[in-house]
Amino acid sequence: MSIKRMTIPDDFILGAAASAWQTEGWSGKKPGQDSWPDLWYKNDRHVWHNGYGPAVATDFINRFREDVQLMKLAGLTHYRTSINWSRFLTDYEAVTVDEEYAAYYDQLFDELLVNGIEPMICLEHYELPGYLLEQYGGWGSKKVVELYVRYVEQVFARYHHKVTRWFTFNEPIVVQTRVYLDALRWPYEQNTGKWMQWNHHKVLATAKVVKLFREKGYPGTVGCILNPEVTYPRSHAVHDQRAAEVYDLFYNRVFLDPLVHGTYPAELFTLLEKHAVTWDYHADELAIIRDNTVDELGINLYYPHRVKAPSRAWHPDTPFHPAWYYEPFELPGRKMNNSRGWEIYPQIVYDMAMRIKNDYRNVPWFVAESGMGVENEGQFRNADGVIADDYRIRFISEHLWQTLRAKEDGANCHGYMLWAFTDNVSPMNAFKNRYGLIEIDLNNDRARRPKASANWFRQLRDSRELVVDIDDEWR
């Protein structure tokens, strides 16, 4: 171990993230305003830990003023959340705004700004309206792309004078990967063609929103929040290197390349065609993608992904899955977050930063999510009743150090944001693993209590100096 000190630039973001559906709850939600997570919860409540889901969540919609004061106490410079598309409108075809819900966001943005916290807003964080999934097949439909752009047009018109950092999606690959590639979430369908169609339409929707934003001349930027999995091969052998390349192609480059460079990787077309995976795209759509790349990226980073060449044959009756080309590989002796089952390897931040610098024109970006979910945190409560989450402080310190080290080495990185500000509902895991700087007490009317990490984060923001013990292997 060695002690390292690093100065944090004054304009460097030290914030935290959340989403509408994971925090707001259903208070005031009208019939017909279900999102995809809402329908999943209603159809499959038993898969959510202890039955908790989006119905109440943290009740942020009624307690946002209290929570903004806690953000201020914890020293956040920025807060990223989403607008829930399914609740922002009462008619998705006519694009009729729900004025009650829209007024709540006016109040939230005003509250953030008056307290010196800049809002950063995602336009979709899994919150596809359930109506559009049931009526059109969700992001498999070009009609949904157009309805999304019309929704975004309403959002921009209303809030452009309060919000200048916009993001089309958070983790746009996730829903279709869990539903149509892995068939692990409702409505459970293994269909690689649908998976690719959803990917393409979200890329196209992003380009159309960038085009709209620029044509309207609004101040600020439009980006996208991605969750690329920093991928390491088991060995230097050609077959393991190839496994990592293909994993990277299907899970990372499928969004990174078109959003930053304006084109899909040629090999993506080749492999999809080789495996008879069909999807609908047109030359004019590719031209829109080419001409409207994003202004910036947010990058969500939690754990590395390690792969090796496959050792088993693919069953001929199973539809094509990218796992045809790889198998997971577990590094012996890896450091683990055993609550979440994820490897802890802070160097993923530096390695991703260098990838963006060298392969993606050093586009502006920031760490949009980084955090450590821990089960049964009550066991760490001290004599003062505060959760002494030293493990979280260490996790943040090590990952932030890698971020700042990358910035010193030329990465165009502008900040580090935590997942999450408070404990909140996660898909299926619900409140099982706690991520927040602020505790949510489910047994006491969702009372809020700062953890030790909240005070530490405030001191970090005020001092603008990071002091951390660094393992030699991460130097």
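Any value given below was found using the heavy atoms of this structure, including those in side chains, with hydrogens, waters and symmetry copies removed. For reference, positions follow the sequence shown, starting with 1.
Each of W48, W21, Y126 was evaluated against Y41; a single residue qualifies, W48, per the ring pair (Phe, Tyr, Trp, His ring centres under 6.0 Å) test. When the options V367, I356, N227 are evaluated for a side-chain contact (heavy atoms from CB on, under 4.5 Å) with I299, the one that passes is I356. Y104 pairs in a side-chain hydrogen bond (donor to acceptor under 3.5 Å, both in side chains) with only one of the listed residues (E24, R87, E99), which is E24.
A cation-pi arrangement is absent between K202 and W195, since the terminal nitrogen or guanidinium carbon is not both under 6.0 Å from the aromatic centre and inside a 45° cone about the axis. The cationic group of K308 does not satisfy the cation-pi geometry with F329, failing either the under 6.0 Å distance to the six-membered ring centre or the 45° limit from the ring axis.
Close placement of the Y148 and W139 rings is indicated, their centers lying within 6.0 Å of each other. Ring centers of Y247 and Y325: at least 6.0 Å apart, outside the cut-off. A ring-centre distance under 6.0 Å is found for F366 and F167.
Residues meeting the side chain to side chain contact (heavy atoms under 4.5 Å, CB included) test with A454, sequence neighbours left out: A74, L437, I438, P450. The ring-ring contact (aromatic ring centres under 6.0 Å, His included) test applied to W365 returns no partner, not counting sequence neighbours. Judged as a side chain to side chain contact (heavy atoms under 4.5 Å, CB included), and not counting sequence neighbours, A383 has no contacts. In this structure Q69 satisfies the side chain to side chain contact (heavy atoms under 4.5 Å, CB included) test together with K72, E111, N115, sequence neighbours excluded.
Between the side chains of D351 and Y232, at least one donor N or O sits under 3.5 Å from an acceptor N or O.
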List the steps and the verdict of salt bridge (charged side-chain N to carboxylate O under 4.0 Å, His left out) for R355 and D359. CA-CA 6 Å; R355 176 110 188 256; D359 297 345; 3.3 Å; yes

What verdict does the side-chain hydrogen bond (donor to acceptor under 3.5 Å, both in side chains) test give for D98 and T90, after you've listed the backbone C-alpha separation in whole Å, the side-chain angles of each residue and the deciding distance to 0.1 Å? CA-CA 5 Å; D98 184 327; T90 56; over 6 Å; no

Residues D409, Y350; criterion side-chain hydrogen bond (donor to acceptor under 3.5 Å, both in side chains); working and verdict: CA-CA 9 Å; D409 288 349; Y350 184 87; 2.7 Å; yes

Evaluation steps, side-chain hydrogen bond (donor to acceptor under 3.5 Å, both in side chains), between N300 and N170: CA-CA 9 Å; N300 296 349; N170 177 81; 3.3 Å; yes

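Note on residues 166-191: pairs passing salt bridge (charged side-chain N to carboxylate O under 4.0 Å, His left out), not counting sequence neighbours, are R178-D182, E189-K194. Sorted by first and then second residue, the pairs that involve residues 364-388 and meet salt bridge (charged side-chain N to carboxylate O under 4.0 Å, His left out), not counting sequence neighbours, are R80-E369, E377-R392, E377-K451, R381-E439.
L108 places a side-chain heavy atom less than 4.5 Å from the side chain of V68.
When atom types are taken as modelled, the side chain of D389 and the backbone of Y391 share no donor-acceptor pair closer than 3.5 angstrom. With hydrogens and angles ignored, the 3.5 Å screen pairs a side-chain donor or acceptor of W36 with a backbone N or O of W186.
Using a cutoff of 4.0 Å between basic side-chain nitrogens and carboxylate oxygens, R405 and E408 are not scored as salt-bridged. In summary, R448 and D441 do not engage in a salt bridge, as defined by a charged side-chain N under 4.0 Å from a carboxylate O.
The aromatic rings of Y101 and Y105 lie perpendicular to each other, with more than 60° between the two planes, well past the 30° mark.
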